2 protein chains.
Amino acid sequence: MATGRTHRPATRSRGIPEATVARLPLYLRALTALSERSVPTVSSEELAAAAGVNSAKLRKDFSYLGSYGTRGVGYDVEYLVYQISRELGLTQDWPVVIVGIGNLGAALANYGGFASRGFRVAALIDADPAMAGKPVAGMPVQHTDDLEKIIRENGVSIGVIATPAGAAQQVSERLIAAGVTSILNFAPTVLSVPDGVDVRKVDLSIELQILAFHEQRKAGEDSAAAPAVGAVTAAAVADAAARPASGARKPGPEGDVPAVMPA
Amino acid sequence: MATGRTHRPATRSRGIPEATVARLPLYLRALTALSERSVPTVSSEELAAAAGVNSAKLRKDFSYLGSYGTRGVGYDVEYLVYQISRELGLTQDWPVVIVGIGNLGAALANYGGFASRGFRVAALIDADPAMAGKPVAGMPVQHTDDLEKIIRENGVSIGVIATPAGAAQQVSERLIAAGVTSILNFAPTVLSVPDGVDVRKVDLSIELQILAFHEQRKAGEDSAAAPAVGAVTAAAVADAAARPASGARKPGPEGDVPAVMPA
DNA sequence: CAATCTTTGTGCACGCGTTCACAAAGACAT
DNA sequence: ATGTCTTTGTGAACGCGTGCACAAAGATTG
């Protein structure tokens, strides 16, 4: 997947491991699909396949919630949907504000997935006075000046930051000061927040770079072994040439450590 | 953070742990910022603070790349920027296609972070004939019919899927058949792909649900201890009431297992 | 050149997460 | 009722990632 984990070790919430919590939404989605098809029960094997995980892992995950299955049969779909929803806190309504209504912010505002599960976009906020009042996703954009008022009046505890990197830290501070305790950050910056505030980061650039790393590795192996199939990019050969104009490369180690791979 | 990991165990690429790879882009960003301020060297302590990680972890991460530091001094910024860039495969050019030019796809096309580090948007592809030819981010949208041709002619190995959930699996299959081996998936679906293909997932809905879980936990603790500060949402009290109309709750366990927390 | 000081690189221990493999539990057939 | 068959729930082993703490390395000063 592609969401960066910028998570404090987190106090192992009532014994439910963080890794399990991260998978619950996945199970919930698969279960909802089954529910819509009126499937009454599923085995751990089937559900695991639908969610793309190991069945043993799934069973262990569910065991943290309690014993909701029936041996020899499987899990009751409707019941499990409810239990997971409750565990995740989706039986209540979560008002959310989106700060930074640029391309991304607007896309998020229009995203259907928000409204689907207990989340409600309570307000769109932007620092640009020209944006104020302009409707985005059928909702008027409000100015940053009113941020605190909006947060308080709507009882917002989850904020989404889609501003440029430079503004993110300051926005987060204002959100937190106004009462927000969970932040989903799309800006490419490390936010520093006080204890008790959860931050999750989504960083497109980082995800691509991780893919590039594996891609390079694959290309390297290919060129070393069989000639690559289909479309292959330049490969790691011309890397010394591609070296950035680093001018004088400081005192540091001078030999080009080839430790890596003969290439 | 907010990027879901949908990663195969991955063959522990030449001994560089996956967790380390995921942090390298973070270090690179911090180093680039230092480089722009013409800072010649940094200590692991300073850099770790900038990247939001533990300094021991950072040193261990760098040790996988080689010994690029100087004891008593720190790391040479320019040199390290180059080494990490090379390790991540950013010294070469990565053409990328974005499939699905809706709100999100368009936002991604406009996102500056793409072009910044070796990534180049080679084409925008959409299934809607009405979109064809329409310029988005200064580039004409092309029709899905030409997907294979585009991939091959541009030597694309990384694809970004921003389609509705229903189309994602099929799009991924076409991308892969045409030669793509890395996919960044924004659609809320589990993609099943053959071995050798890397998939990373970005799922807004999941990230929000994880935040909601922690938020609920915090609210529960607050209401049990001190009255919550500032804006607090309804809390877990009215959850039996909020129960979905599950009709007949099947055979399963009937008692409302209160195992959770008295509330 | 010796002493001191700073900072890296890493051995080691610990804890979390994953997976295997199986006993226990229940459904179902006879 | 008894036996068989399916599937859950979990004990135990393993491996990865993290963080501590320190020795080694080099800079710097006198």
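Every value quoted in this text rests on a predicted model; they were computed, and no experiment measured them.
- Between A/Ile16 atom CD1 and C/dC16 atom P there is a gap of 15 Å when expressed in whole angstrom units.
- For C/dT7, the OP1/OP2 oxygens have no side-chain nitrogen or oxygen of B/Ser44 closer than 4.0 Å.
- Within the nucleic acid shown, B/Phe62 has no heavy atom closer than 4.0 Å to any nucleic acid atom.
- Here A/Tyr75 reaches the OP1 or OP2 of D/dG9: one of its side-chain N or O atoms lies under 4.0 Å away.
- Taking CD from B/Glu18 and CZ from B/Arg23, the interatomic distance works out to 10.5 Å, rounded to the nearest 0.5 Å.
- DNA chain C is contacted by both A/Gly72 and A/Ala19; A/Ala19 maps to the nucleotide lying nearer its 5′ end (nearest heavy atom per residue).
- Residues A/Arg71 and A/Arg23 both approach DNA chain C. Their nearest nucleotides, taken by heavy-atom distance, put A/Arg23 toward the 5′ side.
- Within 6.0 Å of the CD atom in B/Glu173, the count of heavy atoms belonging to other residues, nucleotides or ligands exceeds 12.
- Checking side-chain atoms of A/Glu207 against main-chain N and O of A/Leu204 turns up no donor-acceptor pair under 3.5 Å.
- Here the P atom of nucleotide C/dG9 and the OH atom of B/Tyr64 are 13 Å apart, to the nearest Å.
- When only modelled atom types and interatomic distance are considered, A/Thr32 and A/Glu36 share no side-chain donor-acceptor pair under 3.5 Å.
- Listed nucleotides C/dG17, C/dT18, D/dC20 differ in distance to A/Lys57; the shortest reach to its side chain belongs to C/dT18.
- The shortest distance between side-chain heavy atoms of B/Ile16 and B/Leu65 falls below 4.5 Å.
- Straight-line distance from the CZ atom of A/Arg59 to the P atom of D/dG11: 14 Å, rounded to whole Å.
- Taking atom CD of residue A/Glu45 and atom P of nucleotide C/dA21, one finds them 14 Å apart after rounding to whole Å.
- Between B/Leu65 atom CG and C/dT8 atom P there is a gap of 15 Å when expressed in whole angstrom units.
- You'll find that the side chain of B/Ser43 is closest to C/dT8, out of D/dG17, C/dT8, C/dA25.
- OP1 and OP2 of D/dG17 both lie 4.0 Å or more from every side-chain N or O belonging to B/Asn54.
- Taking atom CG of residue B/Asp61 and atom C1' of nucleotide C/dT8, one finds them 14 Å apart after rounding to whole Å.
- Here the P atom of nucleotide C/dG11 and the NZ atom of B/Lys60 are 8 Å apart, to the nearest Å.
- For the pair A/Tyr68 OH and C/dA25 C1', the computed distance is 19 Å after rounding to whole Å.
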